[in-house]
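Report on one structure; see the data block that follows.
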Amino acid sequence: MAFHKEQYDMSAANDEISTTVNSSKDVLNRHSHEDSKTPSAASEVQRCRFGTVTFGLVALVQLGLITFLALRIQASQKNLTKVKEQLIKTIYNTEANYTNVREKRDDLKRALNDFSFQLNSLTEERDKLKMINYEMETRSKNLTEERDELQGKLNDLVSKQNSLTKERDNLTRINSDTEARSRIISLERDKLRKRLNTLAQPGWTLFRGSAYYISSTTKTWQESRIYCLSADADLMIINSKEEQDFANSFQIYMWIGLTDLRTEGTWEWVDGSPMTTSYWGTTEPNGKTEENCGDIKTFTTERSWNDENCSRSLKWICEMKLTQ
Ligand code: MAN
Ligand code: CA
């Protein structure tokens with residue numbers, strides 16, 4: 001703006017100078033023109049003087065103006081020089097800035113290229129990672145399905161194992177019971193075998209669900225009982241008239257399984273059962289505490305029982321019950 005203002009001022013000053021010069025030329029022209037004419041001498045001199053003075057004044061004014069204008073021009077030139085220098089500086093700075101900006105632009109371009117390259121790399125990497133992620137997700141899904149399937153199978157197996165364990169425990173219990181029963185049955189079998197062997201021996205007779213043995217030798221009541229027990233039998237228990245008749249039929253003086261050893265006067269059988277029906281001989285039992293064991297003595301009569309001293313040595317009759 002300052003520069004434009006200076007330009008404006010200079011053109012105005014030039015216009016002013018050319019106007020002044022032209023008007024001076026007009027005066028001179030007019031004066032020379034007037035000299036060629038023939039007016040009166042005095043007035044002509046006066047007019048000449050006036051003209052000269054006027055001219056001089058005009059010239060002075062013009063000189064002043066020229067000086068003023070020259071000074072203004074000089075000042076303007078100074079200003080212009082300053083402006084020019086400033087402009088040069090500005091241009092220099094602008095160039096420097098431009099270079100700077102261009103360098104920065106190049107830097108930015110490079111950075112942009114690098115960034116673009118990195119962006120491409122990152123995009124590729126991201127795509128690869130996306131792919132890997134997809135594959136991993138698929139694999140994870142498959143593995144989850146496989147795991148669930150295996151978990152299901154495992155649950156089934158655990159359930160089956162539990163069932164089998166229960167079944168095994170049950171079978172073990174049954175087996176244990178069977179073994180126990182087997183042992184019992186074996187013992188029973190051995191007992192029966194022993195009984196069969198015993199019954200196969202001479203002296204044993206079957207009668208109404210029992211086997212009876214009449215000894216050929218004599219023993220005390222206790223010894224006789226031990227013998228019977230060793231044959232899985234005991235001294236004879238008589239609990240029917242038929243049995244009484246059967247016992248009498250052997251016509252042998254012999255021990256039977258009757259005693260009041262536990263309580264004097266209270267007769268009982270060797271299995272602990274009380275004596276309910278009795279076949280005591282006349283005046284029997286009469287031995288009190290001296291005779292605590294029973295025998296068949298007067299076998300020719302139905303009432304054949306007698307109480308006897310247990311230490312007496314007599315034959316005996318065993319009974320093996322074959323039915324329960
Ligand atoms: C006689 C009777 C019986 C008694 C015996 C003892 O025969 O008195 O009652 O038991 O003697 O040997
Ligand atoms: Ca007696």
Side-chain angles (χ1 to χ4, degrees), residues 184-185 187-324:
I184 291 166
I185 289 168
L187 287 172
E188 282 179 2
R189 179 201 60 196
D190 294 345
K191 209 169 153 186
L192 287 170
R193 270 186 187 158
K194 196 181 162 193
R195 279 187 162 200
L196 273 175
N197 284 334
T198 300
L199 293 176
Q201 299 302 311
W204 284 90
T205 309
L206 292 175
F207 178 75
R208 297 200 176 177
S210 286
Y212 299 88
Y213 171 81
I214 288 123
S215 73
S216 52
T217 61
T218 61
K219 288 180 186 296
T220 65
W221 187 87
Q222 276 88 355
E223 286 169 349
S224 300
R225 190 170 182 217
I226 288 166
Y227 179 92
C228 293
L229 289 170
S230 70
D232 198 25
D234 208 337
L235 286 169
M236 184 180 183
I237 295 166
I238 298 169
N239 32 33
S240 70
K241 186 179 179 303
E242 288 76 21
E243 247 189 323
Q244 172 61 15
D245 291 344
F246 173 74
N248 280 343
S249 69
F250 288 100
Q251 300 189 351
I252 292 174
Y253 186 10
M254 58 188 179
W255 292 120
I256 59 171
L258 190 62
T259 178
D260 70 342
L261 277 169
R262 280 206 313 151
T263 310
E264 174 54 38
T266 303
W267 291 87
E268 59 184 5
W269 296 106
V270 283
D271 65 354
S273 61
M275 181 206 68
T276 49
T277 307
S278 66
Y279 297 93
W280 292 114
T282 316
T283 71
E284 301 298 337
N286 58 2
K288 300 205 168 56
T289 56
E290 289 299 314
E291 297 181 342
N292 300 315
C293 294
D295 55 39
I296 283 179
K297 189 177 182 184
T298 54
F299 42 77
T300 51
T301 61
E302 188 176 79
R303 302 174 70 85
S304 59
W305 298 358
N306 171 49
D307 60 338
E308 195 85 54
N309 189 295
C310 299
S311 302
R312 185 152 184 168
S313 193
L314 295 176
K315 288 187 178 178
W316 68 93
I317 181 167
C318 301
E319 179 181 1
M320 185 194 287
K321 287 197 179 300
L322 301 176
T323 55
Q324 295 301 319

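Every number for a ligand or one of its atoms is a count from 1 in the order of the listing.
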How large, to 10°, is the angle at the Ca ion (ligand 2) when you draw lines to OD1 on Asn286 and to O on Asp307?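 Taking the Ca ion (ligand 2) as the apex, the two atoms subtend 140°.
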query: Taking the N/O/S atoms of Glu284 one by one, which is nearest to the Ca ion (ligand 2)?
result: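 Distance check against the Ca ion (ligand 2) picks out OE1 in Glu284.
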Restricting Glu291 to its N/O/S atoms, the closest one to the Ca ion (ligand 2) is OE1
Counting backbone and side chain alike, does Thr283 bring an N/O/S atom below 3.0 Å of the Ca ion (ligand 2)? no
Would a line drawn from the ring center of Trp305 to the ring center of Trp267 be shorter than 6.0 Å?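 No.
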Taking the six-membered ring for Trp, is the centroid-to-centroid distance between Tyr213 and Tyr227 below 6.0 Å?
-> yes
What residues come within 4.0 Å of ligand 1, counting heavy atoms only?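 Correct list: Glu284, Asn286, Glu291, Lys297, Asn306, Asp307, Glu308, Arg312.
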Looking only at atom types and distance, does a side-chain atom of Arg208 sit under 3.5 Å from a main-chain N or O of Glu242, one as donor and one as acceptor?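 Checking the backbone N and O of Glu242 against the side chain of Arg208, no donor-acceptor pair under 3.5 Å is found.
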Exercise. Evaluate the criterion side chain to side chain contact (heavy atoms under 4.5 Å, CB included) for residue pair Glu264 and Asn292; output intermediate values, then yes/no.
Key: CA-CA 8 Å; Glu264 174 54 38; Asn292 300 315; 2.9 Å; yes
Count the heavy atoms belonging to other residues, nucleotides or ligands that lie under 6.0 Å from NZ of Lys191, then report whether that count exceeds 12.
no
Practice prompt. With sequence neighbours left out, write down each residue that passes side chain to side chain contact (heavy atoms under 4.5 Å, CB included) with Arg312, or none if nothing qualifies.
Written response: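 Expected list: Tyr253, Trp255, Glu308, Leu314.
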Will you find, in the side chains of Tyr279 and Glu243, an N or O donor that is under 3.5 Å from an N or O acceptor?
->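 Not at all, the side chains of Tyr279 and Glu243 share no donor-acceptor pair under 3.5 Å.
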### Message
Quick test of your reading of the model: are Asp190 and Lys194 salt-bridged, counting only N-O distances below 4.0 Å?
### Response
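No salt bridge links Asp190 with Lys194.
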